[in-house]
Amino acid sequence: MTTIITGANRGIGRALWAACRARGDDVIGTTRGIEAGPGWTRLDVTDPDDHRRLADGLSGRPVELLICNAGIFPDRGERLEDGYPPEMWAEGFATNVTGVFLTVQALLSNLRASRGKIAIISSQMGSDTRATGGSYIYRASKAAALNLGRNLATDLAREGIAVGIYHPGWVRTGMGGPGAAISAEEAARGLLARFDALSPATTGCFETWDGRPHPF
């Protein structure tokens, strides 16, 4: 089983990469930096040339699971009065939304070859039901990633490709901070169970890492 994980060099992505390797997947992790050895490849999800190189390198190879995990939280601590500059909006959406779309688009033929699955890591902060204010760029971009996943699920359903969108939990990573509720390893185990359960019957789902349906 070939699994590809974007943003696999740290945090939840790294834990997912390790968990997939441990269970025997042929896993490829991507990173914006230098390739980290076998099973790794460079991919800046905002760079169309990187996506073309990734697609060329995987030409003809079925991909059973694509995990779109790469993401940034650029606006922590910004002030409504004078923060959130336009370039920060552009960077946040380029990574958290356009990057997901470009990755799916680049690997669509590989996913079609296996009727594979697409797992998009969004966040409960992108849910309309949790509008607690602040972090406008991160919240809006994760809401857009959720919307993107739902629409991909509709378009790909006829081909048997299932798409799930997931809240990974509040995780002790560089993004989540040391006081977060769960470890990256715990989040990865729960998320993999969700990905395994994903099917055409549940495509378009928005779920938490521990299996609870999340309100949109």
Of all heavy-atom pairs linking Gly11 and Thr173, the shortest is CA-CG2, 3.8 Å
Looking at [X] and [Y], would you say the former's side chain and the latter's main chain have a donor-acceptor pair under 3.5 Å?
{"X": "Arg10", "Y": "Gly7", "value": "no"}
{"X": "Thr103", "Y": "Gly99", "value": "yes"}
{"X": "Glu207", "Y": "Pro213", "value": "no"}
{"X": "Thr95", "Y": "Gly92", "value": "no"}

Under the side chain to side chain contact (heavy atoms under 4.5 Å, CB included) rule, what do Leu152 and Thr154 come out as? Steps first, then yes or no, please. CA-CA 5 Å; Leu152 285 170; Thr154 297; over 6 Å; no
Give the intermediate values and the outcome of side chain to side chain contact (heavy atoms under 4.5 Å, CB included) for residues Arg42 and Thr30. CA-CA 5 Å; Arg42 185 186 182 281; Thr30 78; over 6 Å; no
According to side chain to side chain donor-acceptor pair (under 3.5 Å), who are the partners of Asp210, at least two apart in sequence or on a separate chain? Thr208, Arg212
Does Asp82 have any side chain to side chain donor-acceptor pair (under 3.5 Å) partners at least two apart in sequence or in another chain, and if so, which? Arg79
Among all residues two or more places apart in sequence or in another chain, which pass the side-chain contact (heavy atoms from CB on, under 4.5 Å) test with Ala143? none
With Ala140, which residues qualify under side-chain contact (heavy atoms from CB on, under 4.5 Å), at least two apart? Trp89, Phe93
Any side-chain hydrogen bond (donor to acceptor under 3.5 Å, both in side chains) pairs touching residues 109-118, not counting sequence neighbours? Arg112-Glu159
Please collect all side-chain hydrogen bond (donor to acceptor under 3.5 Å, both in side chains) contacts where either partner lies in residues 16-28, sequence neighbours excluded, each pair once. Thr3-Asp25, Arg23-Asp25, Arg23-Asp196, Asp26-Arg61
With sequence neighbours left out, what residues match Arg53 under salt bridge (Lys or Arg N to Asp or Glu O under 4.0 Å)? Asp50
Name all pairs fulfilling the ring pair (Phe, Tyr, Trp, His ring centres under 6.0 Å) condition that reach into [range], sequence neighbours left out, sorted by first residue then second.
{"range": "residues 94-113", "answer": "none"}
{"range": "residues 45-83", "answer": "Phe73-Tyr138"}
{"range": "residues 169-198", "answer": "Tyr166-Phe195"}

Counting only heavy atoms not in Asp128 (residues, nucleotides, ligands), do more than 12 fall under 6.0 Å from its CG? no
Are side-chain heavy atoms of [X] and [Y] found at a separation under 4.5 Å?
{"X": "Arg76", "Y": "Ser135", "value": "no"}
{"X": "Phe206", "Y": "Ser127", "value": "yes"}
{"X": "Ile28", "Y": "Leu58", "value": "yes"}
{"X": "Ile165", "Y": "Cys205", "value": "no"}
{"X": "Thr98", "Y": "Thr46", "value": "no"}
{"X": "Thr203", "Y": "Pro200", "value": "no"}
{"X": "Cys68", "Y": "Ile121", "value": "no"}
{"X": "Ile67", "Y": "Thr6", "value": "no"}

Show the numbers, then the answer: is there a side chain to side chain contact (heavy atoms under 4.5 Å, CB included) between Ser122 and His167? CA-CA 6 Å; Ser122 179; His167 166 57; over 6 Å; no
Could you tabulate the donor-acceptor pairs under 3.5 Å formed by side-chain atoms of residues 174-190, not counting sequence neighbours?
from: Ser183; atom 1: OG; to: Glu186; atom 2: N; distance (Å): 3.1

Rounded at 0.5 Å granularity, tell me how far [atom1] in [X] sits from [atom2] in [Y].
{"X": "Asn96", "Y": "Ile137", "atom1": "CG", "atom2": "CD1", "answer": "10.0 Å"}
{"X": "Thr2", "Y": "Leu107", "atom1": "OG1", "atom2": "CG", "answer": "11.0 Å"}
{"X": "Cys20", "Y": "Ile5", "atom1": "SG", "atom2": "CD1", "answer": "4.0 Å"}
{"X": "Ile118", "Y": "Leu66", "atom1": "CD1", "atom2": "CG", "answer": "6.0 Å"}
{"X": "Ile4", "Y": "Leu43", "atom1": "CD1", "atom2": "CG", "answer": "9.5 Å"}
{"X": "Leu146", "Y": "Ser141", "atom1": "CG", "atom2": "OG", "answer": "11.5 Å"}

Common cluster, [X]/[Y], ILVMFWY with side-chain heavy-atom separation under 4.5 Å:
{"X": "Val45", "Y": "Leu16", "value": "no"}
{"X": "Ile120", "Y": "Val63", "value": "yes"}
{"X": "Leu111", "Y": "Leu148", "value": "yes"}
{"X": "Leu156", "Y": "Leu65", "value": "no"}
{"X": "Ile161", "Y": "Met1", "value": "no"}

Salt bridge (Lys or Arg N to Asp or Glu O under 4.0 Å): which pairs involve residues 137-147, sequence neighbours left out? none
Distance only, no hydrogens: is a donor on one side chain within 3.5 Å (strictly under) of an acceptor on the other, for Asn151 and Asn147? yes
Thr31 vs Trp40, test: side chain to side chain contact (heavy atoms under 4.5 Å, CB included). Steps then yes/no. CA-CA 8 Å; Thr31 172; Trp40 289 86; 4.2 Å; yes
